[in-house]
Amino acid sequence: MPLLNAQYLFFKYEQTDEWLMKDFNFSADKNEVIIINGSNGCGKTTLLSLMCGIIPKEIKGVKDGLISIQDIDIDELSLPELSPLVSMVFQEPEMQLSFPIVEQELAFGPENLNVPIEEIKNRIKSVSEILEISHLLKSEIGTLSYGQKKLVTIASAFTLSPDIILLDEPEDGLSEKSIRSIMNCITHYKQDKLTIISSTSHIFDDMANRIISLS
Amino acid sequence: MNPYFSLQNLSFSYNDKSIFNEINLEIQRNEVTVISGENGTGKTTLCKILFGLLTQYKGNIAFEEKDFLSIDQTYITSKIAYIQEQTQNNLLGATPNEDLAIWQHKFQKKDNDQFKETRDAILKRSDIKEQAEKPIWALSAGQQKRVVLASLLFNKEKFWILDDPLFSLDSKGINILLSILAQHKLSGSGACIATQRPKTFSLVADRIYEIKDTTIEQIAGNR
Amino acid sequence: MNARTYLVITIIISTLSLVQRSVTQLCILLAVCVLFVGFLSPTKKRFVHLWKRLRFLLILILFIFILQLLFRHHGEVLFHWSFITLYSEGMLIAFMVSIRLLILLLIVSLLFDIPYYDFLLALRGWKIPYEFCLMIASTFYFVHMFEDQLKTTKDQLRFREINFGKIPLFRKFHAFSAIIFPVLAHAMHTVRYRAIALDIKGFRLHPNRTYYISQKLKWFDYIIQIICVLSFFLVMYLLLKS
């Protein structure tokens, strides 16, 4: 049984005539890194939003077909109920950062899942070391550069540690060094997770098990 | 040729952290100068200093051979177009069409057919014409960035300061940016570009610098 | 200083400002309030920040003072010219209302200087449910965010060489709506996505949650809170006695 399964997926936004997804079928399992490639506006973000349930729970659209995680139809679970299974890092960090201090942002997810304090501490330490943001833990998020904010949002997905992590154009605004640290992070946690990355570039292609091109 | 900007022994700190330590830099009016560096090394800070947004620095900056601090901000905005790192901060209107229209009429004139014609051509050139009437916040990041690129074409006579213009752009968007830059350079105007990926600009850049450990060093280009 | 201490100070000074009955007492309270805000504000450059805040508030207070003065017609006539008559009681009430309002605005503005998460933890320290704390703290957060968006818009107008003051009057309304509407829409768009981001990180998944970060009160928090509470009861006792 694959971890994530999308079957006969059709989707279009309300008030549009054109279907963005037409009979899209996809499955993936743990220990995989999948790249979804495509140009601006082709539907990468939409696909990731469908996979984590944001569409159609929060963003309206016409959806048909099934997306299941561990054989559970994601339409049957609320977004918080889905959080141990799947989470998404938005392309724009400002849309996702809610706390003034970096450490608060990283701790929020595991706090909600009742993870013990010692375990939260270990997760924050481990993830921040791999992403090379340990020195920023006590910093105010408002003082960080765009790239640093981006790394914080990615770190907060890994401290939450769901089974599936969706990264929407994570390389955007990052230096090569930071992109390498993201790759290290994905590789480090790969065994327990399915990581799906949307990208307009081919920077992550070498580490991918599969590349899906959207057009 | 006298430099457009001349930075001498420039030092800048923020929250007791040193960003620049006595850096020297000259930027020519008709050249494309690329400033590269890792996250948090001060590229955005340098752009803000050059646009006059940050003035609490030590050292000297000469702009058009005059002391930069003595120059009025309105003069600076009449000479320099500044594109901020965060795409949405550059946008004003509700739709791409409205945003570009504001560049044209500035609320002083009525929108007219000539403006619309120019706008259509620019929207088409930036490959954003289909999204022209869509709400800006509903566009993808890459589409928003193209609107920002389009706005540069209303500032052809100015010097451009671009803070990480590659954000969110796919390969087609990057080509649009490079062609706009090449054309800008051909018309005798220059730009200062802060970027994580200097190699992308290797064909248009005249000089490439790198900020590292509070210093700046030229790594490629004219000497 | 812990955010709870700021809250205690705010509640006590606000309450005292509402029960004080004389201008002298209110002036003393105002002086205490200015000292608190000036010395204890968590922002840097406290007095510069305080002056900037006072400057804006004083204009507002002056407006309210004049309204009170003109429309209270009790007591002895102090001044009369044309249709304007100023009365002694009107003057007294104008002063009291204005000082009271100034105190309230100043002390509440202190709360906007506290990082909103510290504020949230302070409320949580008083055993208020987390969701309620986040809702209250988010109000301050939204105000800050809206202020930031407005500043960004003001900057962008400047960068585009648009001087709002020089726009012809008949175009001003269109300009204002063309500028404000996207700011509001963008702010709401951001708030909406941040709320989604909270949900996809498991917010309110379980009735209980872990608190990795907590803020314990320090010795000076206890001392200040005790002094404030004792002062409050002393003042209330003296007021009731008189």
Side-chain angles (χ1 to χ4, degrees), chain A residues 13-16 18 20 37-49 59-61 90-95 131-133 135-136 138-140 142-152 168-182 198-203 214-215, chain B residues 14-17 19 36-48 84-89 126-131 133-135 137-147 149 163-177 194-200 210-212:
Chain A
Y13 286 103
E14 284 176 343
Q15 290 149 12
T16 56
E18 217 180 300
L20 204 52
N37 213 270
S39 55
N40 290 140
C42 72
K44 302 187 296 298
T45 302
T46 303
L47 181 57
L48 296 192
S49 302
I59 297 167
K60 299 301 165 201
F90 303 150
Q91 189 174 0
E92 184 58 52
E94 288 297 337
M95 293 290 152
L131 288 172
E132 296 178 61
I133 57 166
H135 60 292
L136 297 175
K138 304 289 182 191
S139 302
E140 285 179 27
T143 63
L144 302 184
S145 67
Y146 182 91
Q148 290 169 331
K149 285 179 187 173
K150 195 98 188 208
L151 288 173
V152 170
D168 192 4
E169 298 196 41
E171 77 277 18
D172 203 26
L174 293 184
S175 63
E176 283 171 14
K177 184 176 167 219
S178 295
I179 292 169
R180 272 197 302 277
S181 62
I182 294 173
S198 80
S199 179
T200 51
S201 68
H202 297 277
I203 283 175
L214 293 186
S215 55
Chain B
Y14 184 73
N15 280 348
D16 300 325
K17 185 191 166 199
I19 310 291
S36 69
E38 288 293 326
N39 294 323
T41 48
K43 299 188 299 299
T44 297
T45 305
L46 185 61
C47 289
K48 285 182 176 176
Q84 300 174 73
E85 188 181 27
Q86 207 156 325
T87 308
Q88 283 156 357
N89 290 354
S126 309
D127 196 24
I128 197 78
K129 190 144 171 23
E130 273 181 37
Q131 289 80 27
E133 295 303 331
K134 287 191 180 165
W137 50 89
L139 299 180
S140 72
Q143 290 166 333
Q144 287 178 1
K145 201 46 175 258
R146 291 194 194 185
V147 180
L149 291 189
D163 191 356
D164 233 322
L166 295 177
F167 264 28
S168 321
L169 288 179
D170 56 7
S171 52
K172 194 171 179 193
I174 292 173
N175 286 337
I176 293 170
L177 170 63
T195 181
Q196 318 266 10
R197 295 175 218 169
K199 288 179 194 162
T200 309
E210 189 187 8
I211 302 178
K212 200 175 174 179

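As the structure is a prediction and not an experimental result, all values here were calculated from the model. A, B, ... follow the sequence lines: proteins, then strands. Residue 1 opens every chain.
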- Query: When heavy-atom pairs shorter than 4.5 Å are enumerated against chain B, which of A/Lys44, A/Glu92, A/Glu94 gives the highest number?
  - Reply: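 If we count pairs closer than 4.5 Å to chain B, A/Glu94 comes out on top.
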
- Which atoms form the tightest heavy-atom contact between B/Gly40 and A/Ser145, and what is the distance?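 Residues B/Gly40 and A/Ser145, closest heavy atoms: N-OG, 3.6 Å.
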
- chain A: which of B/Gln86, B/Arg197, B/Gln196 shares the most heavy-atom pairs with it under 4.5 Å?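 Between B/Gln86, B/Arg197, B/Gln196, the count favours B/Gln196.
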
- Item | Residue part contacting chain A, namely of B/Glu85, when any heavy atom lies under 4.5 Å |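 Only the side chain of B/Glu85 comes within 4.5 Å of chain A.
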
- Query: Side chain, backbone, both or neither: which part of B/Gln131 has a non-hydrogen atom closer than 4.5 Å to chain A?
  - Reply: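 No part of B/Gln131 comes within 4.5 Å of chain A.
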
- Non-hydrogen side-chain atoms of B/Tyr14 and A/Thr143 separated by less than 4.5 Å: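 Heavy-atom side-chain distance check passes, below 4.5 Å.
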
Interatomic distance, [X] atom [atom1] to [Y] atom [atom2] [nearest 0.5 angstrom]:
| X | Y | atom1 | atom2 | answer |
| --- | --- | --- | --- | --- |
| B/Lys199 | A/Glu176 | NZ | CD | 5.0 Å |
| B/Leu166 | A/Ser201 | CG | OG | 11.0 Å |
| B/Lys43 | A/Ser175 | NZ | OG | 7.0 Å |
| A/Thr200 | B/Lys172 | OG1 | NZ | 14.0 Å |

- Task: Using the test ring-ring contact (aromatic ring centres under 6.0 Å, His included), find all partners of A/Tyr13 that sit at least two apart in sequence or belong to another chain.
- Result: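 Applying ring-ring contact (aromatic ring centres under 6.0 Å, His included) to A/Tyr13 gives A/Phe11.
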
- Using non-hydrogen atoms and a 4.5 Å limit, figure out which bit of A/Leu151 sits close to chain B: side chain, backbone, both or neither.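 Only the side chain of A/Leu151 comes within 4.5 Å of chain B.
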
- So which part of A/Glu171 gets closer than 4.5 Å to some heavy atom of chain B, the side chain, the backbone, both or neither?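 Both backbone and side chain of A/Glu171 come within 4.5 Å of chain B.
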
- Message: If the condition is salt bridge (Lys or Arg N to Asp or Glu O under 4.0 Å), which residues does A/Lys177 pass it with, not counting sequence neighbours?
- Response: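 Salt bridge (Lys or Arg N to Asp or Glu O under 4.0 Å) list for A/Lys177, sorted by chain: A/Glu132.
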
